[in-house]
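Okay, so here's the structure we're looking at.
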There are 2 protein chains.
Amino acid sequence: MRQRMPTIHDVAREAGVAASTVSRAFSNPRRVNVHTRQHIVAVAERLGYRPNPLARALPSGRTTTIGLLLPDVTNPFFFGIIRGAERQANAAGYTLILMDTEESPEVETHNVERLGRAVDGFVLASSRQSEADIRAAAGRNAVVLINKQVAGVPSVVIDNTEGTRQVVEHLASLGHRSLTYLSGPPASWSNANRWAALRESAGRLGMRVTRIGPFSPTVSGGAAAADAAIGRGATAVVAFNDMLAIGTLRRFAERGWRVPSDISVVGYDDIFGADFCSPPLTTLASPREDCGRTAIDLLLRGGRGEVVLPSHLVVRGSTGFVTG
Amino acid sequence: MRQRMPTIHDVAREAGVAASTVSRAFSNPRRVNVHTRQHIVAVAERLGYRPNPLARALPSGRTTTIGLLLPDVTNPFFFGIIRGAERQANAAGYTLILMDTEESPEVETHNVERLGRAVDGFVLASSRQSEADIRAAAGRNAVVLINKQVAGVPSVVIDNTEGTRQVVEHLASLGHRSLTYLSGPPASWSNANRWAALRESAGRLGMRVTRIGPFSPTVSGGAAAADAAIGRGATAVVAFNDMLAIGTLRRFAERGWRVPSDISVVGYDDIFGADFCSPPLTTLASPREDCGRTAIDLLLRGGRGEVVLPSHLVVRGSTGFVTG
DNA sequence: CAACTTTTGGCAACCGGTTGCCATCACCTT
DNA sequence: AAGGTGATGGCAACCGGTTGCCAAAAGTTG
């Protein structure tokens, strides 16, 4: 049997004071006499009183809750972001709630509208919504974006420009004269950022670059990407992200191609799993905890600008000298 | 600049009707004349009206929101559970919010109390709370447990008894005469369930079983486990879960032990990564999507009992014949 | 001891919705 | 034309807190 929750009025009656006094005893203790307060607290304790967060939030409009929306909570890329956001939110006395939007712009928009007044603000990581919808959301709620840029909306982005230059130089130093980019979702900001950086860096070093795809940024998407890359005669592939790169590794193994002696593979993000796949993946690591932390910080401080965080190269076994 | 959100009263004034009529136009459409309703809807649309979920929930006590609490959202074990719960909740018109409790009983209890009235119920997956706290929570809210049993609280558990028998028979058929269990968290229900099943099945087949640990169920915990297992001269180890097993594989590789020719390794759960580690892991797969789906179902239907779901063996490259 | 200040508690309005009840009115019946 | 029925909209109370304002009580000062 579920019990009826005692309210502030129950406590007031039982303690022989007015409801407003009970309210103040909790939310503004110095406003009520010490003895009265102790009595009220004791009664509340005995009755098992818990303040109703909804009722409390209604007049004030503050919920001390922040919503973090992700296209896919099971994508290891977001783990660091979750951790960082969580820590920072807790440190500031906020509760972080996570929502998975299942890669759907509609689900994301719907949840933002539905949760609107139930949170103090949103962090939208790799949002799939249209710019218009994001602007609309930012008009109603405090919003901070991660890895997406919309004019007028504060954001935190991981910049791969400098890191990508390191990737290209690493491949060049191993003797590669060309590379193939396995592209990810066309709508992805990171995908555009990575491809642009790759073209520019490769161009500067006189390397040939081609792009194939788009592929689904998942392990299974890697099979198609691997097959397509073999067809192109590539000696090095740079995948949109680690998931795609890991899928590519598996497919190469299935088809008898050896990595890195037959072909080198580079990923992006350095996710969980990148260091225990076979061979371990060379990848461009991004400061994702920082990213989550900074986003919450921006949200709570009402920051306005755009924060850019750099990434760095991690060399492992999937890249090697060109042979033949 | 953030806009003031229009309320039902703004719409009412603008449409020239009473607030109650606007309310009904949305929540009980057949209660108001078609033309009035259309007019109200048009005005609401023009003003950008969005119902305030808090205000709506306050009188009714219903939020159409369910909280799923997890000790660690980044643990791949929970991915399937999240997916299953999400699907089922959405299908029933509920919003699922996720909360990470960071393996802490205190954080979990605190969040359950804080969110109490803000959700219609909780699914607690692998709860770290004490039985007393869980009972208290179940007294105030609808609660369903996953992989934990508390008398009187409905639950969904994955039963490894039968699956573990398959693991032991598989190892026996490969010529193993003994096995070592690498145990996980002492407080874990699954850990107890797995060890008990292992003892019983092995005993029936006349195999020797020993247990070492406990080890942290993480990749890094696997290093210690591997070293300890080598010291025992084991030919086969069964790890508490896949994370631990993967960590063990890595450590064996570092120390030059070959899997499976020198030693066989078995995990539990079949998480993301279990099929692309090296060698791919033999493991006992559990129906985790089912688990999440069933938990939500139980919660919404007000189910009372305990649902038991079976697991099944997936044989991959980490188990092989005993040599020497 | 009067006049003044500070402390303390209560009243009542409010946050933004929902809903029971009632009044009105159009439409039917016979 | 009187009486009955169903559809429709409004009033007001309520959900569980918060808070501005006021008055009574207590403390301070000369």
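Letters A, B, ... mirror the listed sequences (proteins, then strands); counts begin at 1. Keep in mind that the numbers below use all heavy atoms, side chains included, and drop hydrogens, waters and symmetry copies.
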### Task
Tell me whether the OP1 or OP2 atom of C:dG9 has a side-chain N or O from A:Ser20 closer than 4.0 Å.
no
### Any residue of residues 23-36 of chain A with a heavy atom less than 4.0 Å from an atom of DNA chain C
A:Arg24, A:Arg31, A:Val32, A:Asn33, A:Thr36
## Note on the structure
note: A:Asn52, atom CG; D:dC14, atom P; distance rounded to Å ~ 18 Å
### Task
Measure centre to centre between the rings of B:Phe79 and A:Phe78, then say whether the value is under 6.0 Å.
no
### Query
When we call it a touch if two heavy atoms are under 4.0 Å apart, what does A:Arg50 touch: a base, just sugar-phosphate, or nothing?
sugar-phosphate
### Message
If you take any heavy atom closer than 4.0 Å to DNA chain D, which residues from residues 7-19 of chain B end up in contact?
### Response
B:Val17, B:Ala18
### Query
Using a distance-only test with no angle check, is there a side-chain donor-acceptor pair under 3.5 angstrom linking B:Gln129 and B:Thr109?
yes
### Query
Are A:Asp72 and B:Arg83 close enough for a salt bridge, meaning some N to O gap below 4.0 Å?
yes
#### Entry: Side chain to side chain, B:Arg114 and A:Thr65, heavy atoms closer than 4.5 Å
yes
Atom pairs and distances, side-chain donor-acceptor, residues 118-125 of chain A, under 3.5 Å, sequence neighbours left out:
{"residue": "A:Asp120", "atom": "OD1", "partner": "A:Thr63", "partner atom": "N", "Å": "2.8"}
{"residue": "A:Asp120", "atom": "OD1", "partner": "A:Thr63", "partner atom": "OG1", "Å": "2.9"}
{"residue": "A:Asp120", "atom": "OD2", "partner": "A:Thr63", "partner atom": "N", "Å": "3.4"}
{"residue": "A:Asp120", "atom": "OD2", "partner": "A:Thr64", "partner atom": "N", "Å": "2.9"}

### Summary
The bend of the helix from C:dC1-D:dG30 to C:dT30-D:dA1, taken between the axes of its five terminal pairs at each end and rounded to 10°, is 40°
### Message
My understanding is that only residues two or more places apart in sequence, or in another chain, count here; which of them pass ring-ring contact (aromatic ring centres under 6.0 Å, His included) with B:Phe26?
### Response
B:Tyr49
### Query
Could you give all pairs that pass the salt bridge (charged side-chain N to carboxylate O under 4.0 Å, His left out) test and reach residues 291-300 of chain A, with sequence neighbours left out?
A:Asp290-A:Arg293, A:Asp297-A:Arg301
